[in-house]
Amino acid sequence: QVQLVESGGGLVRPGGSLKLACTFSGFGFGYYAIGWFRQVPGKEREGLSCINSDGDTNVADSVKGRFTVSRDHAKTAVYLQMNSLTPEDTGIYYCAESTFCATLDPSIFASWGQGTQVTVSS
């Protein structure tokens, strides 16, 4: 059974940084593709980035240059480093699993974590 747990959210001032973590388990054969998404009330869930166990990444143009995705095999964790945060980055951040990272369409991601709140405010 696939399980994902996000952590690292919180309150940060504009211009600040946060690093989110997604720890996961239950993947067969050691292969995984983990995506990061953001949900803002009244808006569709937005795909931000994805990384697979080979290290291939996909980053949305909307956050490219500010957000970086990475992984740690030993800890079975994927991270989202977020820099130069603005109030528009406020939302609930989720990680989810898929079989590939070619697209950030949320509909192809199967299991989801419970989310972690990120609030950017002065």
Side-chain angles (χ1 to χ4, degrees):
Q1 181 180 359
V2 173
Q3 292 185 323
L4 304 101
V5 179
E6 303 93 341
S7 61
L11 174 65
V12 63
R13 295 184 182 277
S17 298
L18 275 178
K19 187 174 184 178
L20 306 182
C22 173
T23 55
F24 55 90
S25 62
F27 292 91
F29 306 107
Y31 178 81
Y32 57 82
I34 303 292
W36 283 100
F37 301 83
R38 175 169 64 204
Q39 181 76 63
V40 177
K43 294 187 177 181
E44 294 185 354
R45 189 165 294 186
E46 177 187 12
L48 302 174
S49 67
C50 184
I51 188 168
N52 65 22
S53 51
D54 294 329
D56 300 321
T57 62
N58 186 2
V59 182
D61 289 341
S62 60
V63 299
K64 196 168 290 183
R66 297 194 301 126
F67 290 11
T68 303
V69 62
S70 62
R71 77 198 195 284
D72 184 329
H73 277 307
K75 297 181 180 180
T76 57
V78 168
Y79 304 98
L80 185 68
Q81 176 68 48
M82 305 186 295
N83 299 325
S84 302
L85 289 164
T86 73
E88 288 68 37
D89 294 313
T90 295
I92 300 175
Y93 285 68
Y94 298 89
C95 62
E97 65 91 14
S98 180
T99 53
F100 54 90
C101 283
T103 175
L104 298 175
D105 181 353
S107 67
I108 71 155
F109 287 77
S111 298
W112 292 75
Q114 83 288 351
T116 185
Q117 175 71 45
V118 171
T119 302
V120 184
S121 175
S122 55

Using atom types as modelled and distance alone, determine if a side-chain donor or acceptor of [X] lies under 3.5 Å from a backbone N or O of [Y].
{"X": "Arg71", "Y": "Val78", "result": "no"}
{"X": "Tyr31", "Y": "Asn52", "result": "no"}
{"X": "Glu6", "Y": "Cys95", "result": "yes"}
{"X": "Asp105", "Y": "Ser107", "result": "yes"}
{"X": "Thr90", "Y": "Val120", "result": "yes"}

Check whether [X] and [Y] end up in the same hydrophobic cluster, where Ile, Leu, Val, Met, Phe, Trp and Tyr are linked by side-chain heavy atoms less than 4.5 Å apart.
{"X": "Leu104", "Y": "Tyr94", "answer": "no"}
{"X": "Ile34", "Y": "Ile108", "answer": "no"}
{"X": "Phe67", "Y": "Leu18", "answer": "yes"}

Would you say that Cys50 contacts Val69 through its side chain, given a criterion of any heavy-atom pair below 4.5 Å between the two side chains?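 Side-chain contact under 4.5 Å: no.
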Any heavy-atom pair between the side chains of Ser121 and Leu11 that's under 4.5 Å?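 Yes - at least one pair of side-chain heavy atoms lies under 4.5 Å apart.
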With side chain to side chain contact (heavy atoms under 4.5 Å, CB included) as the criterion, how do Asp89 and Val118 come out once you've worked through the C-alpha distance, each side chain's angles and the decisive distance to 0.1 Å? CA-CA 8 Å; Asp89 294 313; Val118 171; 5.6 Å; no
Minimum-distance pair of heavy atoms, taken over all atoms of [X] and [Y]:
{"X": "Thr23", "Y": "Ala77", "answer": "CG2-CB, 4.1 Å"}
{"X": "Val5", "Y": "Gln114", "answer": "CA-OE1, 3.8 Å"}
{"X": "Ile51", "Y": "Cys101", "answer": "N-SG, 3.3 Å"}
{"X": "Ile92", "Y": "Gln117", "answer": "CG1-OE1, 3.3 Å"}
{"X": "Asn83", "Y": "Ser17", "answer": "OD1-OG, 2.9 Å"}
{"X": "Gly91", "Y": "Val40", "answer": "CA-CG2, 4.4 Å"}

Once you round to the nearest 0.5 Å, how far does [atom1] of [X] lie from [atom2] of [Y]?
{"X": "Thr76", "Y": "Phe24", "atom1": "OG1", "atom2": "CZ", "result": "5.5 Å"}
{"X": "Arg45", "Y": "Gln39", "atom1": "CZ", "atom2": "CD", "result": "4.5 Å"}
{"X": "Glu97", "Y": "Phe109", "atom1": "CD", "atom2": "CZ", "result": "9.0 Å"}

Parallel, tilted or perpendicular, as decided by the 30° and 60° cut-offs, for the rings of Phe37 and Trp112: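 Geometry flag for Phe37 against Trp112: tilted rings.
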Is there a side chain to side chain contact (heavy atoms under 4.5 Å, CB included) between Ser49 and Val63 once you walk through the steps? CA-CA 9 Å; Ser49 67; Val63 299; 5.7 Å; no
